[in-house]
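By convention in this document, chain letters (A, B, ...) are assigned in the order of the sequence lines, proteins followed by strands, and residues within each chain are numbered from 1.
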There are 2 protein chains.
Amino acid sequence: MPYSSFASMPCTLSRPAALLGERWTLLLLRQIFLGTRRFEDFQATMDISRSVLTDRLNVLLQENVLKRVPYHEDGRTRHEYRLTEKGRDLYPVLMALRTWGEKWMAPEEEESFHLHHRDCGGGVRAKVECTECAAELTARDVQVTAKQ
Amino acid sequence: MPYSSFASMPCTLSRPAALLGERWTLLLLRQIFLGTRRFEDFQATMDISRSVLTDRLNVLLQENVLKRVPYHEDGRTRHEYRLTEKGRDLYPVLMALRTWGEKWMAPEEEESFHLHHRDCGGGVRAKVECTECAAELTARDVQVTAKQ
DNA sequence: TCCCTTGCGTTCGATTTTCGAACTCAGCTA
DNA sequence: TAGCTGAGTTCGAAAATCGAACGCAAGGGA
(Lines give C-alpha, C1' and ligand atoms only; values in the text may rest on other atoms or scores of the structure.)
Protein backbone atom coordinates (compact mmCIF):
# COMPACT_ATOMS: atom_id res chain seq x y z
CA MET A 1 0.00 0.00 0.00
CA PRO A 2 1.71 3.20 -1.13
CA TYR A 3 1.31 6.35 0.92
CA SER A 4 -1.01 7.96 -1.58
CA SER A 5 -3.56 5.20 -1.36
CA PHE A 6 -4.57 6.39 2.09
CA ALA A 7 -6.29 9.11 0.14
CA SER A 8 -8.91 6.53 -0.83
CA MET A 9 -9.30 4.73 2.47
CA PRO A 10 -12.76 4.75 3.96
CA CYS A 11 -11.67 6.72 7.00
CA THR A 12 -12.50 10.32 7.68
CA LEU A 13 -9.19 10.80 9.39
CA SER A 14 -6.74 9.11 7.05
CA ARG A 15 -7.74 11.01 3.94
CA PRO A 16 -7.13 14.45 5.38
CA ALA A 17 -4.01 13.09 7.07
CA ALA A 18 -2.66 11.84 3.74
CA LEU A 19 -3.33 15.24 2.17
CA LEU A 20 -1.90 17.43 4.92
CA GLY A 21 0.82 14.94 5.77
CA GLU A 22 2.58 15.75 2.55
CA ARG A 23 5.73 17.72 2.87
CA TRP A 24 5.17 21.51 2.73
CA THR A 25 1.38 21.35 2.67
CA LEU A 26 0.87 22.36 6.30
CA LEU A 27 3.48 25.08 6.08
CA LEU A 28 1.89 26.31 2.89
CA LEU A 29 -1.49 26.52 4.60
CA ARG A 30 0.06 28.39 7.48
CA GLN A 31 1.34 31.01 5.04
CA ILE A 32 -2.04 31.25 3.38
CA PHE A 33 -3.81 31.83 6.68
CA LEU A 34 -1.22 34.52 7.39
CA GLY A 35 -2.27 36.24 4.18
CA THR A 36 0.17 35.09 1.50
CA ARG A 37 -1.57 34.67 -1.84
CA ARG A 38 0.89 34.82 -4.70
CA PHE A 39 3.31 32.35 -6.13
CA GLU A 40 6.34 34.59 -5.74
CA ASP A 41 5.45 35.38 -2.15
CA PHE A 42 5.15 31.73 -1.18
CA GLN A 43 8.47 31.13 -2.85
CA ALA A 44 10.10 34.00 -1.03
CA THR A 45 8.72 33.37 2.47
CA MET A 46 9.07 29.60 2.50
CA ASP A 47 11.93 29.07 0.11
CA ILE A 48 10.24 25.99 -1.29
CA SER A 49 11.41 24.85 -4.72
CA ARG A 50 9.26 26.23 -7.50
CA SER A 51 8.32 22.87 -8.92
CA VAL A 52 7.13 21.50 -5.59
CA LEU A 53 5.24 24.71 -4.90
CA THR A 54 3.47 24.35 -8.24
CA ASP A 55 2.62 20.77 -7.40
CA ARG A 56 1.28 21.51 -3.91
CA LEU A 57 -0.80 24.42 -5.09
CA ASN A 58 -2.30 22.22 -7.79
CA VAL A 59 -3.14 19.48 -5.32
CA LEU A 60 -4.89 22.00 -3.07
CA LEU A 61 -6.73 23.46 -6.06
CA GLN A 62 -7.84 20.00 -7.11
CA GLU A 63 -9.02 19.23 -3.59
CA ASN A 64 -10.90 22.48 -3.66
CA VAL A 65 -9.08 23.84 -0.63
CA LEU A 66 -7.80 26.77 -2.69
CA LYS A 67 -9.19 28.65 -5.65
CA ARG A 68 -7.48 30.87 -8.23
CA VAL A 69 -8.85 34.37 -8.24
CA PRO A 70 -7.96 36.87 -11.00
CA TYR A 71 -6.82 40.35 -10.04
CA HIS A 72 -5.48 43.36 -11.88
CA GLU A 73 -2.14 44.98 -11.35
CA ASP A 74 -0.29 47.35 -13.68
CA GLY A 75 -3.10 46.93 -16.12
CA ARG A 76 -2.78 43.20 -16.54
CA THR A 77 -4.59 40.21 -15.21
CA ARG A 78 -2.91 37.81 -12.84
CA HIS A 79 -4.13 35.18 -10.44
CA GLU A 80 -3.83 34.67 -6.74
CA TYR A 81 -4.54 31.72 -4.52
CA ARG A 82 -7.28 32.06 -1.95
CA LEU A 83 -8.93 29.76 0.52
CA THR A 84 -12.32 28.34 -0.35
CA GLU A 85 -14.86 27.69 2.37
CA LYS A 86 -13.47 24.17 2.61
CA GLY A 87 -10.02 25.65 3.03
CA ARG A 88 -11.11 28.17 5.65
CA ASP A 89 -12.60 25.27 7.56
CA LEU A 90 -9.08 23.95 8.09
CA TYR A 91 -8.53 26.71 10.61
CA PRO A 92 -9.19 24.45 13.60
CA VAL A 93 -6.50 22.06 12.37
CA LEU A 94 -3.91 24.80 12.21
CA MET A 95 -5.02 26.23 15.55
CA ALA A 96 -4.85 22.80 17.16
CA LEU A 97 -1.27 22.54 15.95
CA ARG A 98 -0.49 25.97 17.29
CA THR A 99 -2.12 25.33 20.63
CA TRP A 100 -0.02 22.19 20.94
CA GLY A 101 3.12 23.94 19.78
CA GLU A 102 2.65 26.67 22.33
CA LYS A 103 2.30 24.23 25.17
CA TRP A 104 4.98 21.74 24.18
CA MET A 105 7.44 23.23 21.71
CA ALA A 106 7.66 26.85 22.73
CA PRO A 107 11.23 28.09 22.97
CA GLU A 108 12.37 30.28 25.84
CA GLU A 109 11.23 33.46 24.12
CA GLU A 110 7.59 33.88 23.38
CA GLU A 111 5.85 33.25 20.06
CA SER A 112 6.36 35.59 17.15
CA PHE A 113 2.68 36.35 16.58
CA HIS A 114 -0.16 37.19 18.86
CA LEU A 115 -3.61 35.95 18.03
CA HIS A 116 -6.65 37.42 19.64
CA HIS A 117 -10.39 37.52 19.30
CA ARG A 118 -11.37 40.70 17.44
CA ASP A 119 -14.45 41.27 19.55
CA CYS A 120 -13.14 40.81 23.07
CA GLY A 121 -9.35 40.63 22.77
CA GLY A 122 -9.17 37.19 24.37
CA GLY A 123 -6.71 34.43 23.43
CA VAL A 124 -7.32 31.63 20.98
CA ARG A 125 -7.14 27.90 21.54
CA ALA A 126 -8.34 24.67 19.95
CA LYS A 127 -10.26 22.08 21.88
CA VAL A 128 -12.34 18.95 21.45
CA GLU A 129 -15.85 18.97 22.76
CA CYS A 130 -18.91 16.78 23.09
CA THR A 131 -21.69 17.77 20.72
CA GLU A 132 -24.31 16.91 23.37
CA CYS A 133 -23.08 18.03 26.74
CA ALA A 134 -20.38 20.44 25.50
CA ALA A 135 -17.81 18.98 27.91
CA GLU A 136 -14.18 19.34 26.85
CA LEU A 137 -12.87 15.90 25.87
CA THR A 138 -9.51 14.16 25.89
CA ALA A 139 -8.68 10.88 24.15
CA ARG A 140 -9.64 9.05 27.34
CA ASP A 141 -13.15 10.43 27.37
CA VAL A 142 -13.85 9.14 23.91
CA GLN A 143 -14.96 5.63 23.02
CA VAL A 144 -14.16 4.24 19.58
CA THR A 145 -16.50 1.66 18.12
CA ALA A 146 -16.12 0.05 14.74
CA LYS A 147 -19.15 0.63 12.59
CA GLN A 148 -20.96 -2.62 11.85
CA MET B 1 16.05 26.82 3.62
CA PRO B 2 15.52 23.06 3.66
CA TYR B 3 12.25 21.68 4.90
CA SER B 4 13.72 20.45 8.16
CA SER B 5 14.90 23.90 9.19
CA PHE B 6 11.34 24.89 9.93
CA ALA B 7 11.82 22.76 13.00
CA SER B 8 13.92 25.57 14.43
CA MET B 9 11.87 28.55 13.33
CA PRO B 10 10.61 30.78 16.11
CA CYS B 11 6.99 30.02 15.36
CA THR B 12 4.70 27.89 17.45
CA LEU B 13 2.90 26.70 14.37
CA SER B 14 5.71 25.91 11.97
CA ARG B 15 7.59 23.59 14.27
CA PRO B 16 4.69 21.22 14.91
CA ALA B 17 3.77 21.54 11.23
CA ALA B 18 7.26 20.47 10.19
CA LEU B 19 7.10 17.49 12.54
CA LEU B 20 3.61 16.28 11.63
CA GLY B 21 3.97 17.29 8.01
CA GLU B 22 6.44 14.50 7.45
CA ARG B 23 5.14 11.65 5.40
CA TRP B 24 3.51 8.92 7.50
CA THR B 25 3.70 10.75 10.82
CA LEU B 26 0.03 11.76 10.96
CA LEU B 27 -1.10 8.33 9.84
CA LEU B 28 1.18 6.75 12.42
CA LEU B 29 -0.37 8.88 15.14
CA ARG B 30 -3.83 7.93 13.96
CA GLN B 31 -2.92 4.26 14.42
CA ILE B 32 -1.50 4.94 17.85
CA PHE B 33 -4.65 6.72 18.98
CA LEU B 34 -6.60 3.72 17.69
CA GLY B 35 -4.56 1.50 19.99
CA THR B 36 -1.71 0.14 17.88
CA ARG B 37 1.47 -0.15 19.93
CA ARG B 38 3.89 -2.59 18.40
CA PHE B 39 6.27 -2.40 15.51
CA GLU B 40 4.83 -5.40 13.71
CA ASP B 41 1.31 -4.10 14.09
CA PHE B 42 2.16 -0.72 12.62
CA GLN B 43 3.86 -2.49 9.77
CA ALA B 44 0.87 -4.73 9.17
CA THR B 45 -1.87 -2.12 9.41
CA MET B 46 -0.14 0.67 7.51
CA ASP B 47 2.17 -1.26 5.22
CA ILE B 48 4.87 1.35 5.70
CA SER B 49 8.41 0.28 4.88
CA ARG B 50 10.28 -0.98 7.94
CA SER B 51 13.11 1.49 7.65
CA VAL B 52 10.81 4.50 7.46
CA LEU B 53 8.74 3.14 10.34
CA THR B 54 11.89 2.84 12.44
CA ASP B 55 12.83 6.37 11.54
CA ARG B 56 9.42 7.90 12.31
CA LEU B 57 9.13 6.08 15.63
CA ASN B 58 12.58 7.35 16.57
CA VAL B 59 11.71 10.92 15.67
CA LEU B 60 8.57 10.72 17.81
CA LEU B 61 10.57 9.17 20.66
CA GLN B 62 13.12 11.93 20.40
CA GLU B 63 10.41 14.58 20.40
CA ASN B 64 9.00 12.90 23.46
CA VAL B 65 5.66 12.29 21.79
CA LEU B 66 6.07 8.55 22.31
CA LYS B 67 7.83 6.46 24.95
CA ARG B 68 9.00 2.85 24.90
CA VAL B 69 7.40 0.79 27.61
CA PRO B 70 8.62 -2.74 28.47
CA TYR B 71 6.08 -5.54 28.75
CA HIS B 72 6.25 -9.29 29.23
CA GLU B 73 4.93 -11.88 26.87
CA ASP B 74 5.81 -15.59 26.77
CA GLY B 75 8.23 -14.92 29.59
CA ARG B 76 10.34 -12.41 27.78
CA THR B 77 10.67 -8.70 27.80
CA ARG B 78 9.69 -6.62 24.81
CA HIS B 79 8.85 -2.98 24.26
CA GLU B 80 5.82 -1.18 22.98
CA TYR B 81 5.31 2.40 21.89
CA ARG B 82 2.92 4.50 23.93
CA LEU B 83 1.85 8.10 23.93
CA THR B 84 3.36 10.42 26.50
CA GLU B 85 1.30 13.25 27.92
CA LYS B 86 2.71 15.44 25.17
CA GLY B 87 1.59 12.85 22.67
CA ARG B 88 -1.89 12.52 24.13
CA ASP B 89 -2.19 16.27 23.86
CA LEU B 90 -2.10 15.87 20.08
CA TYR B 91 -5.64 14.56 20.26
CA PRO B 92 -7.21 17.88 19.28
CA VAL B 93 -5.06 17.97 16.15
CA LEU B 94 -6.24 14.55 15.04
CA MET B 95 -9.83 15.35 15.95
CA ALA B 96 -9.67 18.62 14.03
CA LEU B 97 -8.54 16.63 11.00
CA ARG B 98 -11.34 14.17 11.49
CA THR B 99 -13.97 16.83 11.98
CA TRP B 100 -12.83 18.43 8.76
CA GLY B 101 -12.68 15.11 6.94
CA GLU B 102 -16.20 14.27 7.99
CA LYS B 103 -17.55 17.53 6.69
CA TRP B 104 -15.56 17.79 3.49
CA MET B 105 -14.13 14.46 2.45
CA ALA B 106 -16.73 11.96 3.58
CA PRO B 107 -17.56 9.44 0.88
CA GLU B 108 -21.13 8.39 0.19
CA GLU B 109 -21.11 5.76 2.90
CA GLU B 110 -20.58 6.82 6.45
CA GLU B 111 -17.34 6.72 8.40
CA SER B 112 -15.85 3.43 9.53
CA PHE B 113 -15.66 4.29 13.22
CA HIS B 114 -18.00 5.94 15.62
CA LEU B 115 -16.59 8.17 18.32
CA HIS B 116 -18.65 9.13 21.29
CA HIS B 117 -18.32 10.66 24.70
CA ARG B 118 -18.13 7.87 27.28
CA ASP B 119 -20.21 9.74 29.81
CA CYS B 120 -23.13 10.98 27.76
CA GLY B 121 -22.87 9.22 24.41
CA GLY B 122 -22.66 12.48 22.47
CA GLY B 123 -20.61 13.07 19.33
CA VAL B 124 -17.11 14.52 19.17
CA ARG B 125 -15.87 17.56 17.31
CA ALA B 126 -12.96 19.95 17.33
CA LYS B 127 -13.41 23.70 17.55
CA VAL B 128 -11.51 26.90 18.16
CA GLU B 129 -12.61 29.09 21.00
CA CYS B 130 -11.81 32.34 22.72
CA THR B 131 -10.10 31.87 26.08
CA GLU B 132 -11.99 34.86 27.50
CA CYS B 133 -15.54 34.86 26.23
CA ALA B 134 -15.64 31.21 25.08
CA ALA B 135 -17.11 32.15 21.70
CA GLU B 136 -16.44 29.76 18.87
CA LEU B 137 -13.99 31.38 16.45
CA THR B 138 -13.25 31.17 12.75
CA ALA B 139 -10.22 32.61 10.99
CA ARG B 140 -12.15 35.83 10.41
CA ASP B 141 -12.76 36.40 14.09
CA VAL B 142 -9.06 36.29 14.87
CA GLN B 143 -6.62 39.14 14.55
CA VAL B 144 -2.95 38.40 13.95
CA THR B 145 -0.40 40.89 15.22
CA ALA B 146 3.34 40.55 14.88
CA LYS B 147 5.00 40.64 18.26
CA GLN B 148 7.20 43.67 18.62
C1' DT C 1 22.50 -29.40 21.89
C1' DC C 2 20.55 -27.79 17.48
C1' DC C 3 17.04 -25.81 14.93
C1' DC C 4 12.79 -23.05 14.44
C1' DT C 5 9.99 -19.07 15.45
C1' DT C 6 9.00 -14.18 16.80
C1' DG C 7 9.57 -9.44 17.37
C1' DC C 8 12.22 -5.76 16.02
C1' DG C 9 15.07 -3.86 13.69
C1' DT C 10 19.28 -2.84 9.85
C1' DT C 11 21.19 -2.91 5.21
C1' DC C 12 21.13 -2.24 0.41
C1' DG C 13 20.06 -1.45 -4.43
C1' DA C 14 16.13 0.39 -7.07
C1' DT C 15 12.55 3.82 -7.46
C1' DT C 16 10.22 8.33 -6.23
C1' DT C 17 10.39 12.94 -4.56
C1' DT C 18 12.54 16.99 -3.94
C1' DC C 19 16.07 20.36 -4.95
C1' DG C 20 18.23 24.28 -7.33
C1' DA C 21 19.36 26.51 -11.29
C1' DA C 22 18.32 27.64 -15.79
C1' DC C 23 14.88 28.33 -19.23
C1' DT C 24 10.19 29.88 -21.15
C1' DC C 25 6.48 32.89 -22.05
C1' DA C 26 3.23 36.76 -22.05
C1' DG C 27 2.46 41.38 -21.30
C1' DC C 28 3.92 45.71 -20.00
C1' DT C 29 7.65 49.75 -19.90
C1' DA C 30 11.52 52.52 -21.38
C1' DT D 1 13.65 47.06 -29.59
C1' DA D 2 15.27 45.50 -25.34
C1' DG D 3 14.36 44.72 -20.59
C1' DC D 4 11.58 43.47 -16.60
C1' DT D 5 8.22 40.74 -13.90
C1' DG D 6 5.14 37.17 -12.35
C1' DA D 7 4.32 32.58 -12.94
C1' DG D 8 5.44 28.77 -14.07
C1' DT D 9 8.34 24.36 -16.67
C1' DT D 10 12.37 21.54 -17.45
C1' DC D 11 16.13 18.81 -16.13
C1' DG D 12 20.17 16.64 -13.87
C1' DA D 13 21.66 15.91 -9.04
C1' DA D 14 20.56 14.84 -4.30
C1' DA D 15 17.59 13.05 -0.78
C1' DA D 16 13.78 10.19 0.85
C1' DT D 17 11.28 6.02 0.37
C1' DC D 18 10.55 1.34 -1.15
C1' DG D 19 10.74 -3.81 -0.93
C1' DA D 20 13.29 -7.63 0.02
C1' DA D 21 16.80 -9.84 2.34
C1' DC D 22 19.61 -10.17 6.36
C1' DG D 23 20.78 -9.95 11.60
C1' DC D 24 19.97 -10.98 16.23
C1' DA D 25 18.42 -12.18 20.78
C1' DA D 26 15.29 -14.97 23.47
C1' DG D 27 12.37 -18.67 23.93
C1' DG D 28 10.51 -23.63 22.73
C1' DG D 29 10.65 -28.17 21.05
C1' DA D 30 13.23 -32.46 19.53
Side-chain angles (χ1 to χ4, degrees), chain A residues 1-8 14 17-29 31-32 35-63 66-82, chain B residues 1-8 14 17-29 31-32 35-63 66-82:
Chain A
M1 192 190 309
Y3 181 79
S4 59
S5 74
F6 279 95
S8 59
S14 65
L19 174 64
L20 303 188
E22 258 191 318
R23 233 179 176 189
W24 295 111
T25 303
L26 277 169
L27 292 164
L28 185 52
L29 286 168
Q31 276 315 118
I32 292 170
T36 306
R37 288 174 180 170
R38 300 182 191 177
F39 193 93
E40 293 300 314
D41 294 337
F42 292 122
Q43 237 267 302
T45 53
M46 304 169 53
D47 207 21
I48 183 178
S49 81
R50 304 177 81 81
S51 46
V52 175
L53 176 56
T54 301
D55 179 77
R56 291 303 179 273
L57 288 171
N58 285 333
V59 169
L60 293 174
L61 284 174
Q62 229 175 285
E63 287 291 339
L66 298 181
K67 60 188 170 191
R68 282 170 59 114
V69 178
Y71 69 95
H72 289 274
E73 195 177 73
D74 304 334
R76 49 188 174 140
T77 302
R78 300 199 171 286
H79 294 268
E80 58 186 18
Y81 297 89
R82 296 239 203 170
Chain B
M1 191 192 309
Y3 183 78
S4 60
S5 75
F6 280 94
S8 59
S14 67
L19 173 63
L20 303 187
E22 260 192 317
R23 233 180 175 188
W24 295 112
T25 304
L26 277 170
L27 291 165
L28 186 51
L29 285 169
Q31 276 315 119
I32 292 170
T36 306
R37 288 173 179 171
R38 301 182 190 176
F39 193 93
E40 293 300 315
D41 295 336
F42 290 123
Q43 237 268 302
T45 53
M46 301 169 54
D47 207 20
I48 183 179
S49 81
R50 304 176 81 81
S51 46
V52 175
L53 177 56
T54 301
D55 180 76
R56 292 303 180 274
L57 288 170
N58 285 333
V59 169
L60 293 173
L61 284 174
Q62 229 175 286
E63 287 290 339
L66 298 181
K67 60 188 169 187
R68 282 171 59 114
V69 178
Y71 70 95
H72 289 274
E73 195 176 75
D74 305 333
R76 50 185 172 143
T77 302
R78 299 197 172 289
H79 295 268
E80 57 186 18
Y81 297 88
R82 296 239 203 173

Which whole-number value in Å describes the distance from [X] [atom1] to [N] [atom2]?
X       : N      : atom1 : atom2 : result
B:His72 : C:dG7  : NE2   : P     : 16 Å
A:Asp41 : D:dA7  : CG    : P     : 8 Å
B:Trp24 : C:dT17 : CH2   : C1'   : 14 Å
B:Leu53 : D:dT17 : CG    : P     : 12 Å
A:Asp47 : C:dA21 : CG    : P     : 10 Å
A:Gln43 : D:dA7  : CD    : P     : 11 Å
B:Glu22 : D:dA15 : CD    : C1'   : 12 Å
A:His79 : D:dG6  : NE2   : P     : 15 Å

Inset, instruction - For A:Arg23 and for A:Asn58, locate the closest nucleotide of DNA chain D by heavy-atom distance; then report the residue assigned to the nucleotide nearer the 5' terminus. - result: A:Asn58

Legend entry - Interatomic spacing from OG1 in A:Thr54 to CD in A:Gln43 - rounded to 0.5 Å: 9.0 Å

Inset, instruction - Can you measure from CG (A:Leu53) to CD (A:Glu40) and round to the nearest 0.5 angstrom? - result: 9.0 Å

Inset, instruction - Please answer whether the main-chain N or O of A:Gly21 pairs with a side-chain N or O of B:Glu22 as donor and acceptor at a distance below 3.5 Å. - result: no

Legend entry - Backbone N/O of B:Ile32 and side chain of B:Thr36: donor-acceptor pair under 3.5 Å: no

Inset, instruction - Verify the distance criterion only: is there a donor paired with an acceptor across the side chains of A:Arg38 and A:Tyr71 at less than 3.5 Å? - result: yes

Inset, instruction - Give a yes/no answer on whether the side chain of B:Tyr81 brings an N or O atom under 4.0 Å of OP1 or OP2 in C:dG9. - result: yes

Among [options], the nucleotide that comes nearest once only the side chain of [X] is considered:
X       : options               : answer
A:Val52 : C:dT18, C:dG7, D:dA7  : C:dT18
A:Ser51 : D:dC18, D:dG6, C:dC19 : C:dC19
B:Arg38 : C:dC19, D:dG8, C:dC8  : C:dC8
B:Thr54 : D:dG8, C:dG9, D:dA7   : C:dG9

Inset, instruction - Produce a footprint string for nucleotides 23-30 of chain C: one letter per nucleotide, 5' end first; B if the base is under 4.0 Å from any protein heavy atom, S if only the sugar-phosphate is, - if neither. - result: ----BS--

Legend entry - Partners passing side-chain contact (heavy atoms from CB on, under 4.5 Å) against A:Arg82 (at least two apart in sequence or in another chain): A:Arg37, A:Lys67, A:Val69, A:Glu80

Legend entry - Minimal non-hydrogen separation, A:Phe39 against A:Leu57, with atom names: CD1-CD1, 3.9 Å

Inset, instruction - Report which part of the nucleic acid A:Phe42 touches: base, sugar-phosphate, or nothing (heavy-atom distance under 4.0 Å, all strands). - result: nothing

